[in-house]
Each structure stands twice: as C-alpha cells, then as structure tokens.
Q: 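Below you'll find the structure I mean.
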Amino acid sequence: MPGKITLQLKQIRKVYTMGEHKIFALDGVDLTFLEGEMAAIMGSSGSGKSTLLNIIGCLDRPTEGTYILDGEDISDLNKNQLASIRNKKFGFVFQAFNLLGRVTVRANVQLPLIYAGMDKKEMEARTKEALAWVGLAGYMNHLPGQMSGGQQQRVAIARALVNSPSLILADEPTGALDSKTSIEIMAVIQRLNREKGITVIMVTHDKDIACYCRRLILLKDGHVVEDTRLDHQRDAAADLAALTEKAEAEA
Ligand SMILES: Nc1ncnc2c1ncn2[C@@H]1O[C@H](COP(=O)(O)OP(=O)(O)O)[C@@H](O)[C@H]1O
Ligand SMILES: [Mg+2]
C-alpha cells in the first residue's frame, strides 16, 4: 500500500528555446508521488510526458522549479550528482528496449552494476536473480536479437531491477508490443510493484494499458489537467489467464 512521500515536484518548468521560439514542454507542474504507487502518465503526443519522466529520473533538469526526492532537495545538483542519484534510486524501461545488440543478455543486465562498481561474484548472483525473476533464467548467454520483443522487454526489466531501485520509470514500455505481449509485460510490472514494493511511474498513451495502474495523470500542453487515484486496478495476470483460456477453447 502506498505510504510516505517519495518525490515532490513543485512548479516545474521546462523551456526549450529554438531560435526566437520558446517551447514550454512543462509549464508549472505540481505532483507528489507516494512510495509504492503505480501511476500512469497519459496525454497526446507532445504534451510533455517524456520530458516529465526524464526530469523525474534525473536524466534531465528542469528550467525552473523544485524537485524533492526522498526528503532531499535535488533541484540544484550538478550532472554528476544527479547521475549518482539516478544509479542508486531508479531503474528505466523504454519503448525500444534499448538493449545492446552485440553483447549477451548477461552483459546487458549487468550494465548498471558495472557503473556501480560491484565485484564479479555478486554481479553474477544479482544478474541470475533478476533474470529468474522475469522468467528468463535460461537466457544468460543469448543475444537480444535471438529473442522476441516481449522477451527483450523482460531483459530490459531485469536490467532495471538489478540495482534494487526504489522507483521504476517506464516510457511507453508496451509501445512496440502486440496487445497480448503488452499485458504480459504489465503483469511483470504489476508484480514488481506489488511484490517488491517498487514505485512505478509509466508513460503510456494507451487506455487499455493505463487501467493496470492505480493512478492516472493526464498532461496537456505541459500542464497536469487531471490526476485521479483509482480504488482498483485491472489485474494483468488474470487478464492474461483469461486470454490463454479463450485461445485454448477456440483451438
Ligand atoms: N530536446 C528538445 N528540443 C526542443 N523541443 C523539445 C525537445 N524535447 C521535447 N521538445 C518539445 O517539448 C514538447 C514535449 O515533448 P515530449 O515530452 O517529448 O512529449 P511527449 O512525450 O508527451 O510526446 C514537444 O512540443 C516537443 O516537441
Ligand atoms: Mg514521449
């Protein structure tokens, strides 16, 4: 169950200057997230979803505003300080998986641990555990190109998990997947939220995906125009089981 405040954004602005032109990608965003939440950020293309997620994940800095993460004001930290926070607290999942194609699944999953400077034995154990957790225990030596899209996204989730983050940020994690595989990935993300208590903030433009979250935030032109906490969320594992049963009945 969601508990104390994990992050707080106050009057966040992100302005891009293109010659004479100013683009207000985010224009005064106030948002608070609680530990253990599972939130969807929705909105049409260009509404500021990715900009918001990148600022939350310390991949980008706001032009103006205050960002408080676990009680610490991180608004004025420099790039190196932000990178260190990013490594400790966040795991990332992207639409295009963003795996390295020429190296094994093991090497992909270990990437965040190499940055963290962990010893080899511990790295190997953590990698095994993360891959087992997403159901890919036997795939350590595969190359991403030998796997399906859904499997590649699970490798990306294992990579996001391996550093034991307190938050997972996902930008259109199902955007490149068919609808059944999308529900499969949502089942993994729900499990990570429920069983590991990880706070999840994900961007999606798809209502059928957002319904697996417990909070819906709608952006329009860089503003939050709706923010609703739902009292229930769809269960992706149950939906998947129903789909499988239906397919078997039809076969
Ligand atoms: N690096 C950038 N330079 C200039 N404009 C940008 C940049 N990144 C995003 N924008 C603009 O900011 C707005 C919000 O973009 P974005 O956050 O990517 O929206 P979304 O993810 O909702 O599609 C858009 O108008 C986009 O064109
Ligand atoms: Mg985007």
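In each ligand, atom 1 is the first atom listed, and ligand 1 is the first ligand listed.
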Q: Please check if any side-chain donor atom of Asp178 sits under 3.5 Å from a side-chain acceptor atom of Thr181, or the reverse.
A: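 There is such a pair between these side chains.
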Q: Decide, yes or no, whether a salt bridge links Glu64 with Lys14 under the criterion of side-chain N to carboxylate O below 4.0 Å.
A: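 Between Lys14 and Glu64 there is no salt bridge, as every charged N stays at least 4.0 Å from the carboxylate O atoms.
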Q: Could you see if Ile157 belongs to whatever hydrophobic cluster contains Phe92? Use Ile, Leu, Val, Met, Phe, Trp, Tyr and a side-chain cutoff under 4.5 Å.
A: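 Different clusters.
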Q: For atom 3 (N) of ligand 1, which protein heavy atom lies nearest, and how many Å away is it?
A: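 Result: Tyr16 CD2, 3.5 Å.
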Q: Are there protein heavy-atom neighbours of atom 16 (P) of ligand 1 below 4.0 Å?
A: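 For atom 16 (P) of ligand 1 the answer is yes, since some protein heavy atom falls inside 4.0 Å.
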Q: Taking CD in Gln146 as the centre, count heavy atoms belonging to other residues, nucleotides or ligands within less than 6.0 Å. Is the count above 12?
A: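 For Gln146, atom CD is crowded (more than 12 foreign heavy atoms under 6.0 Å).
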Q: Applying a heavy-atom cut-off of 4.0 Å, say which part of Met18 lies close to ligand 1: side chain, backbone, both or neither.
A: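 Side chain only; the backbone of Met18 stays clear of ligand 1.
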Q: Does NZ or CZ of Arg154 fall inside the cone over Trp133's six-membered ring, less than 6.0 Å from its centre and within 45° of the axis?
A: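 Cation-pi check for Arg154 and Trp133: fails.
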Q: Among all protein heavy atoms, pick out the one at the shortest distance from atom 20 (P) of ligand 1; state its residue, atom name and that distance to 0.1 Å.
A: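 Residue, atom and distance for the closest contact: Gly46 N, 3.5 Å.
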Q: Provide, to 0.1 Å, the distance between atom 18 (O) of ligand 1 and the closest protein heavy atom, together with that atom's residue and name.
A: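 In this structure, atom 18 (O) of ligand 1 has Ser50 CB, 3.9 Å as its nearest protein heavy atom.
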Q: Using a distance threshold of 4.0 Å (strictly less than), state whether atom 6 (C) of ligand 1 has a protein heavy-atom neighbour.
A: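 There is a protein heavy atom less than 4.0 Å from atom 6 (C) of ligand 1.
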Q: Check ligand 1 against Ser44 and write out every atom of the ligand that is under 4.0 Å from a heavy-atom position of the residue.
A: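 Checking each atom against Ser44, I get 22 (O).
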Q: Decide whether an N or O pair under 3.5 Å exists between Gly48 and ligand 1.
A: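 Gly48 vs ligand 1: N/O contact under 3.5 Å present.
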Q: Short check: any N/O/S atom of Ser45 below 2.8 Å from the Mg ion (ligand 2)?
A: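 Ser45 does not place any N, O or S atom closer than 2.8 Å to the Mg ion (ligand 2).
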Q: Is the shortest side-chain N to carboxylate O distance from Arg234 to Asp208 below 4.0 Å?
A: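 So Arg234 does not pair with Asp208 through a salt bridge.
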